[in-house]
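Structure first, then comments.
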2 protein chains.
Amino acid sequence: MNQVKQTKRTTIYDLAELAGTSASAVSAVLNGNWKKRRISSQLAEKIMRIAEEQGYALNMQASLLRREKSHIIGMIVPKYDNRYFGSIVELFEDMARARGLFPIITCTRRDPQLEVEAARTMLSYQVECLIATGATDPDRITEMCAAAGVRSLNLDLPGALAPSVISDNFAGARELTRRILKNSEQRLGKMEPLLFIGGRGSDHNTAERIRGFRGAHADLGVAVHEENILACGYAPEKAEKALDERALGGNALPKGMFVNSTISLEGVMRWIRRSGHLDDRSLVLGCFDWDPFVTLLGNGIEMVRQDVPGMLNKVFELIESGANKPVVIQVPPLIPEAQEA
Amino acid sequence: MNQVKQTKRTTIYDLAELAGTSASAVSAVLNGNWKKRRISSQLAEKIMRIAEEQGYALNMQASLLRREKSHIIGMIVPKYDNRYFGSIVELFEDMARARGLFPIITCTRRDPQLEVEAARTMLSYQVECLIATGATDPDRITEMCAAAGVRSLNLDLPGALAPSVISDNFAGARELTRRILKNSEQRLGKMEPLLFIGGRGSDHNTAERIRGFRGAHADLGVAVHEENILACGYAPEKAEKALDERALGGNALPKGMFVNSTISLEGVMRWIRRSGHLDDRSLVLGCFDWDPFVTLLGNGIEMVRQDVPGMLNKVFELIESGANKPVVIQVPPLIPEAQEA
DNA sequence: AATTCTTGCTTCATCGATTGAGCAAAGTTG
DNA sequence: CAACTTTGCTCAATCGATGAAGCAAGAATT
């Protein structure tokens, strides 16, 4: 506070000089193990006072270079545009800090190239562990980490080479589909096969959800029409375009729809609005993911809410247990009480 | 890839030994200035090949310790639970990387204590610049940064000690209020004073928005009722509770409402739903912030969308210009086309 | 009084990458 | 062919924090 401009930042050597002692005593005092190093509490207090006065801040780079463990934990995440990833990131930061770790997070926009670059950068920063959330190529990341002797875990989408924590997509999708079919029966008087829209056919979650979707149809004796399975990608525009195309060709569009994410739901709602179905109460929707406004959309849209705290608990359990085997842990999603129509 | 387990990570010394050369040649080659250091392209290629084979990753801690500039840029952000902060973070990461900077972001949950701790940690990581987004105590952060000789900027909420980039809250709120009043006239046949809900009375943005709210009322000759200004905080529950309390005491609740954030709108919509007004088409709402689902809520809710790219452009302009004076730059928000009711 | 133990420090090597200075060999010039 | 320049590297100090090893002075023990 005294100096207005400081070209150089204060180091332990500066503090040592001011205190008339050695840098190593300063280091011992400031990192808290001065009792073990037998520094007198007099000197300790003096050093702490001076550090305070000078506004000393540790140089983490120097500290980390010397220490064996970095206590940095990294996470890559596809997007920040929905509540699911938002809450993952927020809670992850919290849980990491509660464990004395420093979280660094980076957003890779579902871009495999960016994922690899981000992982490489995080390894440069000496992360002790890297969580790949919803990665398009999780095994690539696991390999990079393994080569550097760093642990890695997959979250949301599983990989074959590292432990993975994911939602129980199959069970969640089956229950969601069952609910949409039941609502559809109730509102339309009959049970018709649903439309599935959103997600990538190539990703594990989407595949499992489609399996659950088929399963629920089978359970209730309803045949699935292949032309009604539109794994068109996640972006709203893609869902909108897919519905346009589906509406043009073939049979009439189903009244009931299973939407594979809130972000796809955005496109679906846009399409519904544009095509004049907004007040069509006969549309029966369900969404695999949760957003508070969707509840309020007023069309009785069913949602599945992925259990973020549950998933992150498993993640930290895995980290703490040191397990490295490529298991897949499935966390059941939460299914809120049925919505009124 | 060759070794299954590596206890130690590969360093430039390992590579030097493998290449039969010196660490300094390896360093020069790998950080790209080997031409300046007159390393032959033969040796350069050899070193790069070996580095690739060994899966070498730079130790950033060591590199940063030696270099003068860290190229790390930090941002603190209050929450990840809305589109506004989500897009700020996503675009910030992008723009930072495009400029060769490494972004680190941390979420401080509107907690002043956490803000200070996060800032201190970022300073330890040698950030070159710290962006305090929506900070509750931005000047405290600026002081900490100044003491360490680090630049800081405020985003979203202004401070008195560093340059600030914020939305033009006054103009945005005035226009939003004007639109709600006009919609209200159109739908209800008359223009009645609105309710203002959400935000903290103590924060600059809320104060400015209230000023714009009053201004638009005055412009249109409508008197504002003080009991209708509820700066109850941002959380949905707070908005819900505030409406409950307001509904109990005093006059009838206004039909028109200015909601100060999407997160408060969540609470407002919950209240509306719970109190049986969900299908009440006479409710006329506007929200200072944008969310795609709000458009689809179907009640013709007006929105103001803060110009995130515009704001971040200003932020990086300030960073690049090196300006340090505590100016406040106001970026006009975008007001989408009026919604049909 | 001589020995051992304890206290309270300091010294110095180290972590891995960077870079100014320096040096030998090859190439060029007068 | 001597003097100078250029090429292509190596050496060694350095960034700031850490902690094992060591050392001097005083306290306790025999």
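All figures in this text were calculated on a predicted structure; none of them were measured in a lab. Hydrogens, waters and symmetry mates play no part in the numbers below; they use all other heavy atoms, side chains included. Here is the naming used below: chain letters follow the sequence lines, and residue numbers restart at 1 for every chain.
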Worksheet entry | Interatomic distance where CD belongs to A/Gln42 and P belongs to C/dC9 [whole Å] | 8 Å

Discussion item. Checking B/Tyr234 against B/Asp203: is there a side-chain donor and acceptor pair closer than 3.5 Å?
Written reply: yes

Discussion item. Surrounding NZ of B/Lys314 (heavy atoms of other residues, nucleotides or ligands, distance under 6.0 Å), is the total greater than 12?
Written reply: no

Worksheet item: Is there a side-chain contact between A/Arg37 and A/Asn33 (heavy atoms, below 4.5 Å)?
Response: yes

Worksheet, complete the sentence: Per-nt protein contacts along nucleotides 16-28 of chain C (heavy atom under 4.0 Å; B base, S backbone sugar-phosphate only, - none) come out as BBBBBB-------

Worksheet item: Taking atom P of D/dT7 as reference, at what distance in whole Å does atom CH2 of B/Trp34 sit?
Response: 14 Å

Item to complete: Output yes when at least one side-chain N/O atom of A/Ser40 is less than 4.0 Å from OP1 or OP2 of C/dC9, else no.
Response: yes

Worksheet, complete the sentence: To the nearest angstrom, the NZ-P distance between B/Lys35 and D/dC9 comes to 14 Å

Practice prompt. May I have the distance from B/Ile47 (atom CD1) to D/dG8 (atom P), rounded to whole angstrom?
Written response: 14 Å

Worksheet item: Rounded to whole angstrom units, what separation is found between the NZ atom of A/Lys46 and the C1' atom of C/dG8?
Response: 14 Å

Discussion item. Just to verify, which of A/Glu320, A/Glu93, A/Glu317, A/Glu128 counts as forming a salt bridge (charged side-chain N to carboxylate O under 4.0 Å, His left out) with A/Arg99?
Written reply: A/Glu320

Worksheet, complete the sentence: Here the distance between atom C1' of D/dA17 and atom NZ of A/Lys69, to the nearest Å, is 19 Å

Discussion item. For a quick check of understanding: with a heavy-atom distance under 4.0 Å over all strands, which category does B/Leu43 fall into, base, sugar-phosphate or nothing?
Written reply: sugar-phosphate

Practice prompt. Starting at atom OH of B/Tyr125, determine the distance to atom C1' of D/dC15, rounded to an integer number of angstrom.
Written response: 18 Å

Response to the item:
Rounded to whole Å, the CD1-C1' distance (A/Ile39 to D/dA20) equals 14 Å

Worksheet item: For residues B/Arg97 and A/Thr106, is any side-chain donor paired with an opposing acceptor at under 3.5 Å?
Response: yes

Worksheet item: Do you see a donor-acceptor pair shorter than 3.5 Å between the side chains of B/Tyr84 and B/Gln306?
Response: yes

